[in-house]
Amino acid sequence: MNSANWPQRLDRALNKGCLGLSAQAIAAIPDDGTERWEISTHLIEGGRLVPAQQWIDAVLASESLAQRLDLCCLKMLLSVPRAGQFWINASVHSLEDPWFAHRVAQAIDHSAWMPGQLVFEVTEQAQTSAQTLGTLGTLASFGCGIAIDDFGAGYNSAQKLIDFPVTGLKLNGQLCKEVAQPKARYVLEAFTGMGLEMGLDIVAEWVETETQQRLLTALGIHLFQGYRFGRPVPLGEPQAQCLQP
């Protein structure tokens, strides 16, 4: 199929339940007794998994697709009781939806999950509008975590740290990969120290080598994500009906 057909293909996948979840470990070193996973969505076409990297831009360009996909991903995840903590993306469009937090609450209420098992990741593109702040505040009031993803990639990450009810930071992966370089290490040290002083969970992304892990650990980081700790793998779950939000 032509990639120009992504909106139609994704709409069809949402209507027919042709979506699945992938999970990538967030490792705690030393082990703190809590399993953590980042959850992403994959498309299933012809028995083949199509990762989100191939079609996520089409989703983000469509308010309705992004909102439906976020809710579908959440419902699939909550359809099976699981132990641990799960970090899940919330798009800009969902955060601007006045009903998103209400739908999250409904989904949790109809599951065996506790709100504290969910950490919603927000990106650099998230707005500091009254609606987004209200959505995040309501999610936090339920007991859900709020994490800033890719922290340090943009100029206004620090402002979001002030404005949002943040419980965690995921440090920009490119910075973490370059931790052996003095300038990158100084920046990471500043971010990590600031986050730890605020009592936040700090996750280093894109960690691939023992040297990177050792240098990041020396900065006070104890949570790691990257190929050194495992690639995303399909998370077995029954397909959810995602026709309506």
Side-chain angles (χ1 to χ4, degrees), residues 24-39 84-90 92 95 101 114-130 132-226 228-229:
Q24 185 175 22
I26 299 173
I29 301 174
D31 186 1
D32 62 2
T34 299
E35 288 192 2
R36 296 174 179 83
W37 304 87
E38 179 180 1
I39 299 301
Q85 187 183 74
F86 296 79
W87 297 49
I88 183 170
N89 290 302
V92 174
L95 295 176
M114 299 296 293
Q117 291 183 262
L118 297 174
V119 178
F120 287 92
E121 296 186 30
V122 300
T123 66
E124 176 69 22
Q125 288 72 39
Q127 305 298 311
T128 53
S129 67
T132 287
L133 293 175
T135 297
L136 293 175
T138 302
L139 293 173
S141 73
F142 297 157
C144 299
I146 307 295
I148 301 179
D149 190 20
D150 208 20
F151 187 82
Y155 68 92
N156 65 349
S157 293
Q159 189 63 47
K160 289 179 170 55
L161 189 60
I162 295 170
D163 293 337
F164 293 170
V166 177
T167 59
L169 296 180
K170 298 187 83 173
L171 299 176
N172 174 258
Q174 190 60 46
L175 277 174
C176 293
K177 284 185 68 174
E178 297 174 356
V179 65
Q181 300 180 20
K183 287 185 179 179
R185 188 160 63 251
Y186 297 150
V187 171
L188 288 166
E189 183 176 20
F191 289 163
T192 301
M194 178 174 57
L196 293 176
E197 284 291 328
M198 297 177 69
L200 306 180
D201 291 327
I202 313 296
V203 180
E205 296 193 280
W206 295 15
V207 181
E208 299 177 349
T209 69
E210 188 277 334
T211 297
Q212 291 168 351
Q213 179 190 333
R214 175 173 51 79
L215 292 172
L216 290 162
T217 298
L219 300 180
I221 297 171
H222 301 289
L223 296 176
F224 303 89
Q225 185 177 359
R228 175 167 171 78
F229 305 97

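The figures here come from the full heavy-atom set of this structure, side chains too, leaving out hydrogens, waters and symmetry mates. Note that the numbering runs from 1 along the sequence shown for the chain.
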S.K.: Should T123 and D150 count as side-chain neighbours, where that means a heavy-atom distance under 4.5 Å?
M.R.: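 SC-SC contact between T123 and D150 ruled out.
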S.K.: Does some side-chain heavy atom of R185 sit less than 4.5 Å from a side-chain heavy atom of L219?
M.R.: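 Counting from C-beta outward, L219 and R185 do come under 4.5 Å.
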S.K.: Please report the closest heavy-atom contact between F224 and H222, naming both atoms and the distance.
M.R.: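 Minimum heavy-atom separation between F224 and H222: CE1-C, 3.6 Å.
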S.K.: For the side chain of T132 and the backbone of T128, is there at least one donor-acceptor N/O pair under 3.5 Å apart?
M.R.: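 No, because the side chain of T132 does not come within donor-acceptor range (under 3.5 Å) of the backbone of T128.
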S.K.: Quick one: closest heavy-atom pair of L196 and I202, and the distance?
M.R.: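 So the two residues come closest at CD2-CG1, 3.9 Å.
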S.K.: Testing the basics here: between A101 and F142, what is the closest heavy-atom pair and its distance to 0.1 Å?
M.R.: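 Nearest pair, atom of A101 first, then F142: O-CE1, 3.4 Å.
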S.K.: Rounded to the nearest 0.5 Å, what's the gap from CD1 on I146 to CZ on F164? Could you check?
M.R.: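 Taking CD1 in I146 and CZ in F164, the distance rounds to 9.5 Å.
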S.K.: Kindly say whether I148 contributes a backbone atom to a donor-acceptor pair with the side chain of K160 at under 3.5 angstrom?
M.R.: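 The answer is no, because no donor-acceptor pair under 3.5 Å joins these two groups.
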S.K.: So how far is it from L215 CG to E178 CD, rounded to the nearest 0.5 Å?
M.R.: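 Spacing of CG (L215) from CD (E178) equals 13.0 Å.
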S.K.: Drop me the distance from L95's CG to F120's CZ, to the nearest 0.5 angstrom.
M.R.: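 Reported to 0.5 Å precision, the distance equals 9.5 Å.
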S.K.: With rounding to the nearest 0.5 angstrom, report the CD1 to CG distance, I26 to L223.
M.R.: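 That separation rounds to 7.5 Å.
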S.K.: With salt bridge (Lys or Arg N to Asp or Glu O under 4.0 Å) as the rule and sequence neighbours excluded, what pairs involving residues 29-39 come up?
M.R.: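 Salt bridge (Lys or Arg N to Asp or Glu O under 4.0 Å) check on residues 29-39 returns D32-R36, E38-K170.
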S.K.: Which residue pairs pass the ring-ring contact (aromatic ring centres under 6.0 Å, His included) test with at least one member in residues 176-198, sequence neighbours excluded?
M.R.: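 Every pair satisfying ring-ring contact (aromatic ring centres under 6.0 Å, His included) with a residue in residues 176-198: F151-F191.
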S.K.: For residues 203-213, please give each side-chain donor-acceptor pair under 3.5 Å, one per line with the distance, not counting sequence neighbours.
M.R.:
unit_1: T209; atom_1: OG1; unit_2: Q212; atom_2: N; d: 3.1
unit_1: Q212; atom_1: OE1; unit_2: E208; atom_2: N; d: 2.7
unit_1: Q212; atom_1: OE1; unit_2: T209; atom_2: N; d: 3.2
unit_1: Q212; atom_1: NE2; unit_2: K177; atom_2: O; d: 3.3
unit_1: Q213; atom_1: OE1; unit_2: R228; atom_2: NE; d: 2.5
unit_1: Q213; atom_1: OE1; unit_2: R228; atom_2: NH2; d: 3.2

S.K.: With the side chain counted from C-beta on, respond yes when M194 and L161 share a heavy-atom pair under 4.5 Å apart, and no when they do not.
M.R.: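 In contact.
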S.K.: Measure the OG1-CG distance between T167 and L200 for me, rounded to the nearest 0.5 Å.
M.R.: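 Taking OG1 in T167 and CG in L200, the distance rounds to 7.0 Å.
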S.K.: Return the CG to OG1 distance between L171 and T192, rounded to the nearest 0.5 Å.
M.R.: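 L171 atom CG to T192 atom OG1 measures 5.0 Å (nearest 0.5 Å).
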